[in-house]
Amino acid sequence: MNNKKAFIFDLDGVIVDTAKYHYLAWQKIANELNIDFTLEHNELLKGVSRVRSLDIILELGKVEASQEDKDKWLIQKNEDYLSYLVDMNESEILPGVFPVLKFLKEKDQPIALGSASKNARPILEKTGILSYFDAIVDGNDVTNAKPDPEVFLIAAKLLNINPEDAIVFEDSVAGVQAANIGKMTSVGIGEETVLHEAKYIFKDFTEIDTNFIEDLIKK
């Protein structure tokens, strides 16, 4: 069986849960600006760029700011976020992800990362799974944010696979939409009520068995 598919994974919320670190770093800035920033508000930042995330937080607090201040806060946020990543290790990989990566490798299937994160490589290194990825496309490589399919289209191209033969694992609505717009098979990881546009939906990777992956490869 020589079927080759491109298996493309988002990072945050799919492979690892760094959302909590983003939240802590944004919350720190919000506190400094006396802006009430809750976990519920944090949902608004899912799959959104750092620049847009800051704008959303400032809008929440009705805070006007100069570009100079914004640039300063963006740097501060990233430094705080990175400081939380220092202690990351393989225990941060979400349940069920590792067996899927291992199975795909055994089946000689090309694997890519398609993430808006600019810190994708260090995260994959710290969690010990960098070697599983044949291509990495992150926030440093793309100009258009999801739901634009650019990040996934670049990943498929790097793997030398047609978009129609790509399978994307995503936890955000924008990511699922990006996969669908790119004519790829979308697999939502999370709540069905949120990710209902995905072709397949699983609560997490522990619900994905090898038969499902086999079927995707054969299709």
Side-chain angles (χ1 to χ4, degrees), residues 3-23 39 42-43 45-47 85 88-117 119-138 146-147 149 151-152 155-156 159 161 165-180 182 184-219:
N3 293 28
K4 289 270 188 190
K5 296 286 196 284
F7 285 86
I8 307 171
F9 293 76
D10 177 41
L11 181 65
D12 293 346
V14 173
I15 293 176
V16 291
D17 184 14
T18 53
K20 58 191 173 193
Y21 301 132
H22 285 294
Y23 174 59
L39 272 169
N42 195 52
E43 285 296 306
L45 311 188
K46 255 196 174 175
L85 298 187
M88 275 191 97
N89 57 38
E90 62 275 11
S91 72
E92 301 260 2
I93 299 170
L94 289 168
V97 173
F98 192 61
V100 170
L101 288 174
K102 208 160 169 269
F103 184 74
L104 289 173
K105 262 289 179 255
E106 284 164 9
K107 293 288 173 186
D108 200 26
Q109 293 297 310
I111 304 171
L113 188 87
S115 167
S117 170
N119 303 299
R121 278 176 192 276
I123 289 170
L124 293 177
E125 274 173 30
K126 286 188 176 298
T127 52
I129 54 173
L130 184 64
S131 62
Y132 281 85
F133 292 85
D134 303 296
I136 291 169
V137 186
D138 62 18
K146 302 166 188 175
V151 64
F152 299 142
L159 296 178
I161 301 286
D165 291 322
I167 293 104
V168 173
F169 296 94
E170 259 290 353
D171 74 319
S172 72
V173 174
V176 166
Q177 288 171 341
N180 291 343
M184 302 176 175
T185 300
S186 52
V187 182
I189 304 294
E191 297 299 328
E192 198 168 336
T193 48
V194 179
L195 303 174
H196 55 87
E197 289 174 58
K199 183 162 186 188
Y200 304 101
I201 303 165
F202 298 94
K203 204 155 179 50
D204 58 36
F205 274 89
T206 62
E207 291 188 352
I208 297 179
D209 62 18
T210 51
N211 291 337
F212 173 71
I213 302 289
E214 282 272 23
D215 287 345
L216 289 175
I217 295 169
K218 285 174 189 165
K219 275 182 181 164

By side chain to side chain contact (heavy atoms under 4.5 Å, CB included) - contacts of [X] (at least two apart):
| X | result |
| --- | --- |
| Ala198 | Val176, Ser186, Ile201 |
| Ala174 | Lys146, Pro147, Ser172 |
| Thr206 | Pro95, Asp204 |
| Glu191 | Thr193, Val194, Lys203 |

How long is the straight-line distance from [atom2] of [Y] back to [atom1] of [X], given to the nearest 0.5 Å?
| X | Y | atom1 | atom2 | value |
| --- | --- | --- | --- | --- |
| Ile167 | Ile217 | CD1 | CD1 | 8.0 Å |
| Glu170 | Asn180 | CD | CG | 10.5 Å |
| Glu106 | Ile213 | CD | CD1 | 12.0 Å |
| Gln109 | Phe103 | CD | CZ | 9.0 Å |
| Arg121 | Ile136 | CZ | CD1 | 4.0 Å |
| Phe133 | Leu104 | CZ | CG | 9.5 Å |

Under the rule for salt bridge (charged side-chain N to carboxylate O under 4.0 Å, His left out), what residues qualify as partners of [X], not counting sequence neighbours?
| X | value |
| --- | --- |
| Asp134 | Lys105 |
| Glu92 | Lys20 |
| Asp215 | none |

Is [Y] close to [X] at the side-chain level, that is, under 4.5 Å between some pair of heavy atoms?
| X | Y | result |
| --- | --- | --- |
| His22 | Leu45 | no |
| Asp10 | Val151 | no |
| Leu113 | Ile15 | yes |
| Ile208 | Phe169 | yes |
| Leu11 | Asn119 | no |
| Leu94 | Phe205 | no |

Set of ring-ring contact (aromatic ring centres under 6.0 Å, His included) partners for [X], sequence neighbours left out:
| X | result |
| --- | --- |
| Phe98 | Tyr132 |
| Tyr200 | Phe212 |
| Phe7 | none |

Nearest heavy-atom pair of [X] and [Y]: which atoms, and what distance?
| X | Y | result |
| --- | --- | --- |
| Leu101 | Ile111 | O-CD1, 4.0 Å |
| Ala156 | Ile8 | N-CD1, 4.1 Å |
| Ser117 | Asp138 | O-CB, 3.0 Å |
| Met184 | Phe152 | CE-O, 3.4 Å |
| Ala155 | Ala112 | CB-CB, 3.9 Å |

Practice item. Could you pull out all residues at least two apart from Ser115 that satisfy side chain to side chain donor-acceptor pair (under 3.5 Å)? Key: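 Counting only residues at least two positions away or on another chain, Ser115 forms no side chain to side chain donor-acceptor pair (under 3.5 Å).
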Exercise for review: Could I get the full list of side chain to side chain donor-acceptor pair (under 3.5 Å) partners for Glu192, not counting sequence neighbours?
Suggested key: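 Partners of Glu192 under the side chain to side chain donor-acceptor pair (under 3.5 Å) test: none.
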**Study point:** Asp165/Asn3 under side-chain contact (heavy atoms from CB on, under 4.5 Å): CA gap, chis, key distance, verdict
**Key:** CA-CA 10 Å; Asp165 291 322; Asn3 293 28; over 6 Å; no
Exercise for review: Show your reasoning for whether side-chain contact (heavy atoms from CB on, under 4.5 Å) applies to Thr185 and Lys5.
Suggested key: CA-CA 10 Å; Thr185 300; Lys5 296 286 196 284; over 6 Å; no
